Novice: 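One structure coming up, written as structure tokens, with questions to follow.
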Amino acid sequence: MEEKNISEKIREEKQTVFSYKDEGRTKEMLNYTEIIDVLKLYDVTRISPIEKALGYEDSRINTFNFVQFKKYLGRIENLSKKAGIEITGISFIATAKQIDNTNDKGYGCLIYLPSTTVNGEQVLFDPEQSVKQRKLVTFKEMLAKHGYNWIYDSKESYSKGKRRDYNYKIELEQSVLRRAAQGDESGAGNLTHIKPPYLDQGEK
């Protein structure tokens, strides 16, 4: 019985551990001229309007634990294979998160999840829900189920869904929301250290 448990554990580990090898410099790796160009463009086009809108300078860095991120990639790759879905991208989505009690607007933060190609478009999908529901389950449909309209999967959905008041809430009955929330784990990741700039009143 113990031997069987050990062999099952080994099989499970083989299914969930993914190794990556060094294939040399890749096409997306930047040189320092390119890095400085994008940093400077952010400096002169983003810092001032964001600071005026928030009343303080927003976070500039999100740091993800390297080991945990590799575990995340192993998890979503394994789930996606089980669901028969090819991962064609990892998307990082801008959000805001409160990290202290000094403001109500929060700091810029990222969540991430995989995408796949559908009709030539990168579509965000949820590998956890795709395995559970035995079909491709998109991020958009899971958000809608929980009362939020996601408009960023395509140019068409953005054009149709863009709102001047930035209110993307979908009105759902509380009973529907409660049912939706039961056991709806996501395939998105977020465990990050947010690094806001240093302000006059101290580090946030």
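Quick note: residue numbers are just sequence positions, from 1. Keep in mind it's a predicted model, so treat the numbers as computed, not measured.
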Novice: What do you reckon, is NZ of Lys162 surrounded by more than 12 foreign heavy atoms closer than 6.0 Å?
Specialist: yes

Novice: Can you list everything that forms a side-chain hydrogen bond (donor to acceptor under 3.5 Å, both in side chains) with Arg25? Sequence neighbours excluded, please.
Specialist: none

Novice: Say whether, by atom type as modelled, one donor and one acceptor occur between the side chain of Asp126 and the main chain of Gly187 under 3.5 angstrom.
Specialist: yes

Novice: Enter the distance from Glu23:CD to Lys21:NZ here, rounded to the nearest 0.5 Å.
Specialist: 5.5 Å

Novice: Only counting residues at least two apart or in another chain, list the ones meeting side chain to side chain contact (heavy atoms under 4.5 Å, CB included) with Lys70.
Specialist: Phe66

Novice: So Ile93 and Phe139, side chain to side chain contact (heavy atoms under 4.5 Å, CB included) or not? Walk me through it.
Specialist: CA-CA 12 Å; Ile93 303 168; Phe139 187 51; 3.8 Å; yes

Novice: Can you name the ring-ring contact (aromatic ring centres under 6.0 Å, His included) partners of Phe125, sequence neighbours left out?
Specialist: none

Novice: What distance separates Lys140 NZ from Leu124 CG, expressed to the nearest 0.5 Å?
Specialist: 11.0 Å

Novice: Give every residue pair that meets the side chain to side chain donor-acceptor pair (under 3.5 Å) criterion with at least one member in residues 37-48, sequence neighbours excluded.
Specialist: Asp43-Arg60

Novice: Does anything in residues 114-124 pair up under side chain to side chain donor-acceptor pair (under 3.5 Å), and if so which pairs, sequence neighbours excluded?
Specialist: Thr88-Thr117, Thr88-Gln122, Ser115-Gln122, Thr117-Gln122

Novice: Report yes if the side chains of Val123 and Leu136 come closer than 4.5 Å at any heavy-atom pair, otherwise no.
Specialist: no

Novice: Please identify each residue that fulfils ring-ring contact (aromatic ring centres under 6.0 Å, His included) with Tyr112, with sequence neighbours left out.
Specialist: Phe64, Phe69, Tyr72, Phe92

Novice: Kindly say whether Val137 contributes a backbone atom to a donor-acceptor pair with the side chain of Ser130 at under 3.5 angstrom?
Specialist: yes

Novice: Measuring from Glu57:CD to Tyr107:OH, what's the distance to the nearest 0.5 Å?
Specialist: 10.0 Å

Novice: Over 60° means perpendicular and under 30° means parallel, so classify the ring planes of Tyr158 and Tyr152, tilted if in between.
Specialist: tilted

Novice: Show your reasoning for whether side chain to side chain contact (heavy atoms under 4.5 Å, CB included) applies to Lys81 and Glu77.
Specialist: CA-CA 6 Å; Lys81 284 183 176 180; Glu77 191 169 349; 4.0 Å; yes

Novice: Report yes or no: does Ser59 contribute a side-chain atom to a donor-acceptor pair with the main-chain N or O of Gly108 at less than 3.5 Å?
Specialist: yes

Novice: With sequence neighbours left out, write down each residue that passes side-chain hydrogen bond (donor to acceptor under 3.5 Å, both in side chains) with Glu28, or none if nothing qualifies.
Specialist: Thr26

Novice: Holding to side chain to side chain contact (heavy atoms under 4.5 Å, CB included), I want the full list of residues that pass it with Glu156, two or more places apart in sequence or in another chain.
Specialist: Ser154, Lys160

Novice: Output all residues satisfying side chain to side chain contact (heavy atoms under 4.5 Å, CB included) with Asp22, sequence neighbours left out; order by chain, then residue number.
Specialist: none

Novice: Residues in ring-ring contact (aromatic ring centres under 6.0 Å, His included) with Tyr168, at least two apart?
Specialist: none

Novice: Would you check if the side chain of Glu34 reaches a backbone N or O of Asn31 as a donor-acceptor pair within less than 3.5 Å?
Specialist: yes

Novice: Please check if the side chain of Lys105 supplies one atom and the backbone of Ala53 the other of a donor-acceptor pair under 3.5 Å.
Specialist: yes

Novice: Taking atom NZ of Lys97 and atom CG of Asn62, what is their separation to the nearest 0.5 Å?
Specialist: 9.5 Å

Novice: Apart from Val131 itself, what residues make up its hydrophobic cluster when side-chain heavy atoms of I, L, V, M, F, W and Y under 4.5 Å apart count as a link, directly or indirectly?
Specialist: Leu79

Novice: Does Leu30 sit in a hydrophobic cluster with other residues, and if so which ones, taking ILVMFWY side chains as linked at heavy-atom separations under 4.5 Å, directly or through other members?
Specialist: Tyr32, Ile35, Leu39

